[in-house]
Amino acid sequence: MPVKNRFAELLPEITAWRRDFHEHPELMFDVQRTAGKVADLLREFGCDEVVEGIGRTGVVGLIKGRSDSAGRVIGLRADMDALPINEATGLDYASKTPGKMHACGHDGHTAMLLGAAKYLAETRNFDGTVALIFQPAEEGGGGGREMVQDGMLDRFGIQEVYGMHNMPGIPVGTFAIREGAIMAAADQFDIVVTGKGGHAAKPHDCIDTTVVAAHIVVALQTIASRGVDPLKQVVVSVCTVATDSTAHNVIPQQVVMKGTVRTMDPKVQDYVERRVSEIASGTATALGASAVVTYQRGYPVTVNAVEPTGHAVKVAQEVSGQVDPDTAPLMGAEDFSFMLNERPGAYIFLGNGDTAMVHHPEYNFDDDAIPFGSSWYAGMAEARMPAA
Ligand SMILES: [Zn+2]
Ligand SMILES: [Zn+2]
């Protein structure tokens with residue numbers, strides 16, 4: 001099973017879908033146009049069932065194989081949403097909407113899964129059912145979580161799930177994956193420091209919240225450098241520090257800080273959550289101020305199950321022969337983790353070549369990757385449900 005010849009024939013059509021999505025980016029759950037086009041195409045391909053409105057604007061298409069001897073159901077997932085970025089690629093099919101851009105390549109993922117759907121509906125060379133999962137709001141909205149909470153996995157009897165993401169810096173046609181944790185858990189925190197504002201020339205009459213905030217920022221660095229085992233991954237970043245003073249001579253009453261925490265291990269995650277709170281409130285108290293900490297857990301760790309990862313590697317090997325089966329994990333986070341928490345499966349990277357990084361205004365998905373990605377999706381269905 002090398003790159004399937006059918007995808008060479010379908011490439012112009014799949015590329016046209018991809019560029020159409022690229023030209024019309026939509027954010028978060030507001031992907032009505034994209035989801036509508038996906039559903040229309042799935043019906044046109046002859047999917048046995050197409051269900052819209054799962055997890056608000058998600059779409060699931062079902063394709064039955066030639067036989068169904070064991071009730072197998074394999075889920076293949078792509079994401080549909082874009083990012084709030086002003087596109088700077090200068091492409092003739094660049095975004096028509098200022099401030100919205102397919103800068104993460106989800107246009108490519110959706111098009112590649114549609115290509116696989118068209119092929120699978122034509123050939124049906126498998127024993128069971130393929131569930132094509134198109135999710136909204138991967139970029140921070142938890143669209144995958146909403147589809148799971150909507151009962152998608154039970155409703156369609158999905159037994160395994162497979163997802164893919166393009167990756168700049170890896171050659172086109174090369175796959176990269178690893179067993180276990182491949183993407184981090186992403187949490188966020190808000191720290192509100194309250195002191196006593198006043199005249200900057202009379203600091204002794206104030207409790208200077210900027211000084212307190214500065215001590216907290218420095219003390220938080222000890223979580224990663226002193227608190228966590230150096231062999232475990234952790235990121236603690238304070239990204240916003242805002243005071244309520246805009247003057248040169250006013251000590252602010254309040255400072256608000258916002259930041260992110262990335263971890264790969266539940267114990268480290270619990271530890272960091274506790275320490276952010278203890279360090280912020282303890283430091284504030286020591287300096288005569290107070291701090292209120294709000295810590296919110298976001299996307300969980302994306303964990304590739306052992307056996308499904310082996311199958312994903314094997315199919316990628318057959319598609320292109322270029323696979324890194326032990327790629328380094330990334331401290332970014334991925335909403336597909338909610339599906340992987342419920343079902344065994346795997347998440348693989350597909351090279352996007354030497355392009356700008358995802359989330360950059362000059363990024364673009366490389367259409368040359370389409371035959372590889374579509375072949376992998378289709379190959380996963382055929383490999384996990386071999387025709388009798
Ligand atoms: Zn992204
Ligand atoms: Zn993405």
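Both counts, for ligands and for their atoms, begin at 1 and track the order of listing. Numbering of residues begins at 1 and proceeds along the displayed sequence. No hydrogens, no waters, no symmetry mates; every other heavy atom, side chains included, goes into these values.
- For the residue pair D127 and P386, the shortest heavy atom distance occurs at CB-O, 3.3 Å.
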Side chains of residues 46-53: which donor-acceptor partners sit under 3.5 Å, not counting sequence neighbours?
{"from": "D48", "atom 1": "OD2", "to": "K64", "atom 2": "N", "distance (Å)": "2.7"}
{"from": "D48", "atom 1": "OD2", "to": "R124", "atom 2": "NH1", "distance (Å)": "2.8"}
{"from": "E52", "atom 1": "OE2", "to": "R43", "atom 2": "NH2", "distance (Å)": "2.4"}

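- Criterion: ILVMFWY side-chain heavy atoms under 4.5 Å apart, direct or through other members. Under it, V256 and I191 are not part of a common hydrophobic cluster.
- Around the Zn ion (ligand 2), protein N, O or S atoms at a distance under 2.8 Å total 3; waters are neither shown nor counted.
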Working note: V319 + F7, criterion side-chain contact (heavy atoms from CB on, under 4.5 Å); need CA distance, chi angles, decisive distance, verdict. CA-CA 12 Å; V319 166; F7 291 118; over 6 Å; no
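- The aromatic rings of H109 and F365 sit perpendicular, their planes meeting at an angle over 60°, well past the 30° parallel limit.
- Aromatic ring centroids of F175 and F349 lie 6.0 Å or more apart.
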